[in-house]
Amino acid sequence: MKRFPHLPQRLFVLLIGVAVTEFGSQLFVALNVGADPFMILVQGISRQIGLSYGQASTVLMLFCLLGIFLLDRRYIYPGTLFCIFCLGPLVDFYAFLFGRVLPQNRSLPLTILLIALGCIIVSIGIGISVRSEAGACANDLVPVIVHDHLPFLQLRWTRMIWDFGCVLVGFVLGGKLGIGTVIALTLYGPGLQFFLPVANRLAHIVGLPQNNME
């Protein structure tokens, strides 16, 4: 039996998930209404040590990877390492893109709509990354591992606790907190659980075996 069956398909699904997640995440940053929870932490680290958002993301991913290695290394898959090297460039690319295509003068209804869209996009992206079972981004795996070790806590709650911790530490370090952060903190966890069936359908399309992830 192969150690990592269907690895090319899994990495492809993971890449889609990471690209979708970071699209929504950087949309929050560009809207200037407060970054999403993990990006607040990224912003804080970036401002403290003078790195770009992408470089700071890579540093944080390495720290998350170390924590996973110490807590339960069984969750480290090829895709976990794959994410570390593709996340940073994606973050910097989307920051460049949104900085040029988003209108600076937006109506309030449009801003609210874009915030909600960002939440949906991130939730779908995280679900796709986790469903790939190739090893999601290290930061997204942390609440999943906690949920697996403490099954009495639903995934939505472990995700919300993790997001709150990122917000708290990131804000102390200088990350931008705003109404968008509060919305993201509230909706990411339930959104992840709600959109997991979407991730399952995508996995089925590319030929991955189905599972009971809900």
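All values derive from a computational prediction rather than experimental measurement. Both backbone and side-chain heavy atoms feed into the values below; hydrogens, waters and symmetry mates do not. All residue numbers refer to positions in the sequence shown, counting from 1.
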Contact between [X] and [Y] at the side-chain level, heavy atoms closer than 4.5 Å - yes or no?
{"X": "Phe98", "Y": "Val101", "value": "yes"}
{"X": "Leu65", "Y": "Leu141", "value": "no"}
{"X": "Cys64", "Y": "Met61", "value": "no"}
{"X": "Leu15", "Y": "Leu11", "value": "no"}
{"X": "Met39", "Y": "Lys176", "value": "no"}
{"X": "Arg47", "Y": "Leu173", "value": "no"}
{"X": "Leu71", "Y": "Ile145", "value": "yes"}

Got a second to check how far [X]'s [atom1] is from [Y]'s [atom2], nearest 0.5 Å?
{"X": "Leu114", "Y": "Leu102", "atom1": "CG", "atom2": "CG", "result": "6.5 Å"}
{"X": "Leu90", "Y": "Cys83", "atom1": "CG", "atom2": "SG", "result": "9.5 Å"}
{"X": "Trp162", "Y": "Leu41", "atom1": "CH2", "atom2": "CG", "result": "7.5 Å"}
{"X": "Leu66", "Y": "Arg73", "atom1": "CG", "atom2": "CZ", "result": "11.0 Å"}
{"X": "Thr58", "Y": "Leu51", "atom1": "OG1", "atom2": "CG", "result": "9.0 Å"}
{"X": "Phe38", "Y": "Thr21", "atom1": "CZ", "atom2": "OG1", "result": "11.5 Å"}

Identify whether [X] and [Y] are in the same connected component of the hydrophobic contact network (ILVMFWY, side-chain heavy atoms under 4.5 Å).
{"X": "Leu62", "Y": "Ile76", "value": "yes"}
{"X": "Ile49", "Y": "Val172", "value": "no"}
{"X": "Leu110", "Y": "Leu108", "value": "no"}
{"X": "Leu117", "Y": "Ile115", "value": "yes"}
{"X": "Phe96", "Y": "Leu27", "value": "no"}

Practice task
In sequence, state the C-alpha distance, the side-chain angles, and the governing distance for Val42 and Leu60, and then conclude on side-chain contact (heavy atoms from CB on, under 4.5 Å).
Solution key: CA-CA 7 Å; Val42 169; Leu60 285 171; 3.6 Å; yes
What's the shortest heavy-atom distance between [X] and [Y], and which atoms?
{"X": "Leu87", "Y": "Ser57", "result": "CD2-CB, 4.1 Å"}
{"X": "Ala56", "Y": "Ile45", "result": "CB-CG2, 4.1 Å"}
{"X": "Ile40", "Y": "Phe171", "result": "CG2-N, 3.6 Å"}
{"X": "Thr80", "Y": "Tyr75", "result": "OG1-O, 3.7 Å"}
{"X": "Asp92", "Y": "Ser52", "result": "OD2-OG, 3.3 Å"}
{"X": "Gln26", "Y": "Tyr53", "result": "OE1-CD1, 4.4 Å"}

Practice task
Indicate yes or no for a side-chain donor-acceptor contact from Arg106 to the backbone of Leu31 under 3.5 Å, with no hydrogens or angles considered.
Solution key: yes
Problem - Sub-6.0 Å ring centroid separation between Tyr77 and Phe82 - result: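 Ring centres of Phe82 and Tyr77 not closer than 6.0 Å.
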